[in-house]
2 protein chains.
Amino acid sequence: MGSERQEGRRQTRQLALVLAAVRAAGTDHPTAEEVFSRARLELPQISLGTVYRNLQRLVAEGRVAALALRGVRSLRYDPTIAPHDHFVCEVCGRIDDLACGPRPAAVAVAERKGHAVTSHAVVLYGRCGACRMPA
Amino acid sequence: MGSERQEGRRQTRQLALVLAAVRAAGTDHPTAEEVFSRARLELPQISLGTVYRNLQRLVAEGRVAALALRGVRSLRYDPTIAPHDHFVCEVCGRIDDLACGPRPAAVAVAERKGHAVTSHAVVLYGRCGACRMPA
DNA sequence: CTCGGTGCAAAGGGTTTGCATACAT
DNA sequence: ATGTATGCAAACCCTTTGCACCGAG
């Protein structure tokens, strides 16, 4: 195992750059547009379509994670593929990574109902430390 | 408390119909388009824009819940506002409600980091019982 | 040499919005 | 009477896609 990557897929500069851009964002959870902006610094002629295609591929290959958040139209990308949860500040929009504890209790409930659970997402919403300050 | 609903808001037939449509869907977690179709049966001239506006209002008033799912563009609406989790079948798209156990461990982690958590979403992905059958 | 990836630009779908009118209060 | 909600349609935003060319293998 471990060789399932790059079957007939080609290694292009654009792909490397998109991955690098997601990683460079650290814990910022960038949107495709933000990845695009960053990749452009190195390769000005890269196109947004290519960024989307490569993000899709990286997610499919499990090298990057995508997250859908309530109340936000665009997907966010995350270089941290180790399982973890997220906290979203409803005031400033900041997304904070959280070390995930044990698997959610809901997993056992789902399995008892006959479902096979392959992954899960836990997202918390509220006010972050900075946004709790009085106006 | 308890009177915070309908401050200056008007009670219209369209609003009542949108709410009724979401409730009538039971555990189907309908999209706005599906709510629209159902509402149309009673009031053919209702517009999609009105459905969206009323869904937004109902969510804001806490009378209906909205859920964003990975890999799906459209939001789903849920008449069950009592906290519960969801299982999404990645094969057939079915969404199953799950009785939620204790609050996720992540809540404590977030609070320890100074965040105030007001709500959370737990979504499980996998294959539902029916879709586990061999092809 | 091949055929998968790219750039460009247009299409797509879901959701929001501007405006004049209708109607709840 | 007053101003919010509606219907309609256009606008928006994010993402996907078709196509001809490019370049990794």
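Here is the naming used below: chain letters follow the sequence lines, and residue numbers restart at 1 for every chain.
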Salt bridge A:R38-A:E33, side-chain N to carboxylate O under 4.0 Å: no
Exceeds 12 heavy-atom contacts within 6.0 angstrom, atom CZ of A:R40: no
First-last contacting nucleotides on DNA chain D - partner chain B, under 4.0 angstrom, heavy atom: D:dT2 to D:dT16
A:D78 side chain to A:T80 backbone, donor-acceptor under 3.5 Å: yes
Partners passing side chain to side chain donor-acceptor pair (under 3.5 Å) against A:S37 (at least two apart in sequence or in another chain): none
Toward the 5' end of DNA chain C, by each residue's nearest nucleotide, B:Q56 or A:T12: A:T12
B:E111 atom CD, neighbour heavy-atom count above 12 within 6.0 Å: yes
Pairing residues for A:C128 by the side chain to side chain contact (heavy atoms under 4.5 Å, CB included) criterion, not counting sequence neighbours: A:F87, A:C89, A:C92, A:R94, A:A130, A:C131, B:H115
Proximity to DNA chain D (any heavy atom under 4.0 Å), residues of residues 21-46 of chain B only: B:Q45, B:I46
Residue closer to the 5' end of DNA chain D, B:R73 versus B:N54 (nearest nucleotide): B:N54
Check: A:E61 side chain, A:L58 main-chain N or O, donor-acceptor pair, under 3.5 Å: no
Helix axis bend for the helix from C:dC1-D:dG25 to C:dT25-D:dA1 - C1'-based end axes, five pairs, 10° rounding: 40°
Bounds of contact between DNA chain C and chain A, in 5' to 3' order, using a heavy-atom cut-off under 4.0 Å: C:dT2 to C:dT16
In one Ile/Leu/Val/Met/Phe/Trp/Tyr side-chain cluster, 4.5 Å: A:V18, A:L43: yes
B:R132 (side chain) donor-acceptor with A:G114 (main chain) under 3.5 angstrom: yes
Stepwise side-chain contact (heavy atoms from CB on, under 4.5 Å) test for A:T27 and A:D96: CA-CA 7 Å; A:T27 58; A:D96 197 12; over 6 Å; no
A:Y77 side chain to A:V35 backbone, donor-acceptor under 3.5 Å: no
Heavy-atom side-chain contact between B:H29 and B:H86 under 4.5 Å: yes
A:T118 and B:L124, any side-chain heavy atoms less than 4.5 Å apart: no
